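Every chain is numbered from 1, with letters handed out A, B, ... down the list of sequences. All values derive from a computational prediction rather than experimental measurement.
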Protein chains: 2
Amino acid sequence: MATTIKDIAKYTGLSLGTISKYINGGKVREKNRKLIDKAIRELDFKVNEMARGLKTNESKTIGIIIPSMKNYFCTHLMSYTEMYLSKFGYSVIICNYREDPKVEREKINLLMKKQVDGLIVVPSGETISEIQEIILKKIPVVLVDRILPDMQCDAVVVNNFDISKKVVETLVERGHKRIAIICGPKKVSTAKERLNGFLEMHKKYHLEVDEKLIKFGDYYMHSGFMLCKDLLSLENRPSAIFVTNYDMTLGVIQAINEANIKIPSDISVVGFDNLPIFKVIKPSLSIVSQPMKELGDYVAKLVIDRLNDPTIPTKVIKLEAEFIMKDSISTPN
Amino acid sequence: MATTIKDIAKYTGLSLGTISKYINGGKVREKNRKLIDKAIRELDFKVNEMARGLKTNESKTIGIIIPSMKNYFCTHLMSYTEMYLSKFGYSVIICNYREDPKVEREKINLLMKKQVDGLIVVPSGETISEIQEIILKKIPVVLVDRILPDMQCDAVVVNNFDISKKVVETLVERGHKRIAIICGPKKVSTAKERLNGFLEMHKKYHLEVDEKLIKFGDYYMHSGFMLCKDLLSLENRPSAIFVTNYDMTLGVIQAINEANIKIPSDISVVGFDNLPIFKVIKPSLSIVSQPMKELGDYVAKLVIDRLNDPTIPTKVIKLEAEFIMKDSISTPN
DNA sequence: TTAATAAGGTGAAACGTTTCATGTTGCTAT
DNA sequence: ATAGCAACATGAAACGTTTCACCTTATTAA
């Protein structure tokens, strides 16, 4: 059906080898070059990457696995990763596992069957052994945002612990004593680290930790909403809330709006991720901002580096998140 | 390196044909089934989809081309499409062209080289001939959100014209006479249709159309911001603004906030796309809401249907967007 | 027991490339 | 004119599957 290298060979009277050489950047005689170019144009030849991949054992494709395509943090990040990779001739298959480890496992399998040259994962935390096996097969794996215990592979993360300390310290310095935190799922490393920073600062300032003020959500808006409602209905409610991801931050604001409570006069809020939306919310929100482009670029760079030299030692890149103070913080009444 | 069907054949003492038949769901003798299963487990066999695809001339992959991975409307939509397709054994390569028709062309080419079985496109409007060619090659193409002139292919869109009329009519009924519209790029069908609805209602109600109140943006937040600033600085500024996509709506709100103007007392606003964010903005925004899941599902369905029977006549599915009235509309002063 | 038939197994060819050892051409210098 | 060499061309084998015509084994009925 479609034009193949054979058709080009027939059309030009040259051999398969010559055509192949040429389309892979090799040199041919000037008159042959013209002839081949003409044939390619006339017959509308496009190389069959499946056949090529079969032969070369390279798909020039990187698999990307993220929790959800509705997660703007992930898709945003991956848009940079894709851009970087495409400069090096790699394309990308993005799979989302809808927060379901079973689906995550399936997608990992799928990508292996598709012979991806490397794998980028924002893991659920429940597929450690599957990922281990891939690493054993010498396929480059890069973890993003979250790390997995005891896993010997490249990763790009942010300084969750430190930035969380900084946020809490700032609140404490403003006089807050009852600070709530809304974390992600306990399995996820970022959630643990952000919580640990929170606890650390309580220890440093000899503040009592009220377990009721520590909430674990699922990183989605609705859970931010519900958990915030819980917090607001406590008889001794917090004077500040630290929300540790983007979607839950939205949920928290929704809950506060619905309760007719004012930020920051009634309650202080620190959110997460510097996405355009926070320019739109009044009062402007104090947030932890992650360096999206850097994250996305580094992820791609680590894959490419390992593809070029599989023997280099694994690296965990820790980038700096930034705490941006705006108008959503005040001193407690 | 990796385990192949040949290794399984050797391990089990069976022939290639038998193994192939079994992994494709064929019947083998019970004792052979056990033997093959064991071999697959022990040797960790995974079928090489490149080899399979080469032979079967099917990649079981659908290419998806969207303007940007930072466009939440697109990624959100495609998350439904992916879910639907994966139920039918298809996976998905998502390419974004960063709003650049040159990149769009490259990505179309890339996907053809990768032998995708079908193509889903949110087109820039500048690659008509390239898409035509693909259709000629009998590869299923589905257009989403936007249609292209004279293109004989499946598409899923919403009733842009009607919904725009409804919005404008509502504003007119509330007494607005100077209504501004912020459209998308002129090349894009949705922009044209939404504008036409706007004009139609002006005609119906014998309202003068002030060209200064018609703005064309690029569907990004910043252009919404800038165009809104323009509108606000007119000496005879509009009493209502209709913004025709999500990101530009955010920009408009930002501009209005910065100008210290109040919605709806000073100006009425109607936005686009019912994304979670609008639960968070005060006052709650009146919006046009598109049926995301239906859109995404239908797109997938059309591809699958045509894959199953390439001869069926092409369909353009028009789904109903909804106008949700909230608190951002008042009568003009 | 055997013939007939059903059920399952076999292996070579093919898919569209790349690779590489070998063959052929065109130049350059004498 | 020609030897020598660089430059380029050739074509068969291989990559890991599927397919299919044909062969073998098991099952059944008489």
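Here B:N32 does not reach the OP1 or OP2 of C:dG8: none of its side-chain N or O atoms lies under 4.0 Å away. For the pair B:R52 and D:dT18, the criterion of a side-chain N or O lying under 4.0 Å from OP1 or OP2 is met.
Across all strands, B:T4 comes closer than 4.0 Å only to sugar-phosphate atoms, never to a base (heavy-atom distances). The residue B:T56 sits close only to the backbone: its heavy atoms come under 4.0 Å of sugar-phosphate atoms, none of a base. Residue-level contact check: B:Y22 touches neither bases nor backbone, having no heavy atom under 4.0 Å from any strand. Across all strands, B:N24 comes closer than 4.0 Å only to sugar-phosphate atoms, never to a base (heavy-atom distances). B:T18 comes within contact range of at least one nucleobase, with a heavy-atom separation under 4.0 Å. When heavy atoms are screened at a 4.0 angstrom cut-off, A:K21 is found touching base atoms of the nucleic acid.
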- Candidate pair B:D247 and B:F73, rule side chain to side chain contact (heavy atoms under 4.5 Å, CB included), full reasoning: CA-CA 9 Å; B:D247 286 291; B:F73 172 78; over 6 Å; no
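Taking atom CD1 of residue B:I23 and atom C1' of nucleotide D:dT18, one finds them 9 Å apart after rounding to whole Å. The distance from atom NZ of B:K10 to atom C1' of D:dG16 is 13 Å, rounded to the nearest whole Å. Per the geometry, CG belonging to B:N57 stands 11 Å off P belonging to C:dT17, to the nearest Å. We find that CD of B:E30 is positioned 16 Å from P of C:dA7, with the value rounded to whole Å. As a whole-Å value, the separation of B:D7 CG from D:dG16 P is 8 Å. For the pair B:K46 NZ and D:dT17 C1', the computed distance is 17 Å after rounding to whole Å. In this entry the distance linking CD1 of A:I19 with P of C:dT19 reads 16 Å, nearest Å. To the nearest angstrom, C1' of D:dT18 lies 13 Å from CG of A:L54.
The 5' end of DNA chain D is approached more closely, in terms of each residue's nearest nucleotide, by B:A51 than by the other of B:A51 and B:K31. Residues B:G17 and B:N48 both approach DNA chain D. Their nearest nucleotides, taken by heavy-atom distance, put B:N48 toward the 5′ side.
Nearest nucleotide to the B:S15 side chain, out of C:dT25, D:dG11, C:dT10: C:dT10. Counting only heavy atoms from C-beta on, A:K55 has its side chain closest to C:dT17 among D:dC8, C:dA14, C:dT17.
B:R146 contributes no side-chain N or O that, together with a main-chain N or O of B:T190, makes up a donor-acceptor pair within less than 3.5 Å. Under a 3.5 Å cut-off, the side chain of A:R306 and the backbone N or O of A:P313 do form a donor-acceptor pair.
Of all heavy-atom pairs between B:I64 and B:L111, the closest is N-CD1, 4.2 Å.
Using a 4.0 Å cut-off between a side-chain N of Lys or Arg and a carboxylate O of Asp or Glu, B:E49 and A:K114 do not qualify as a salt bridge.
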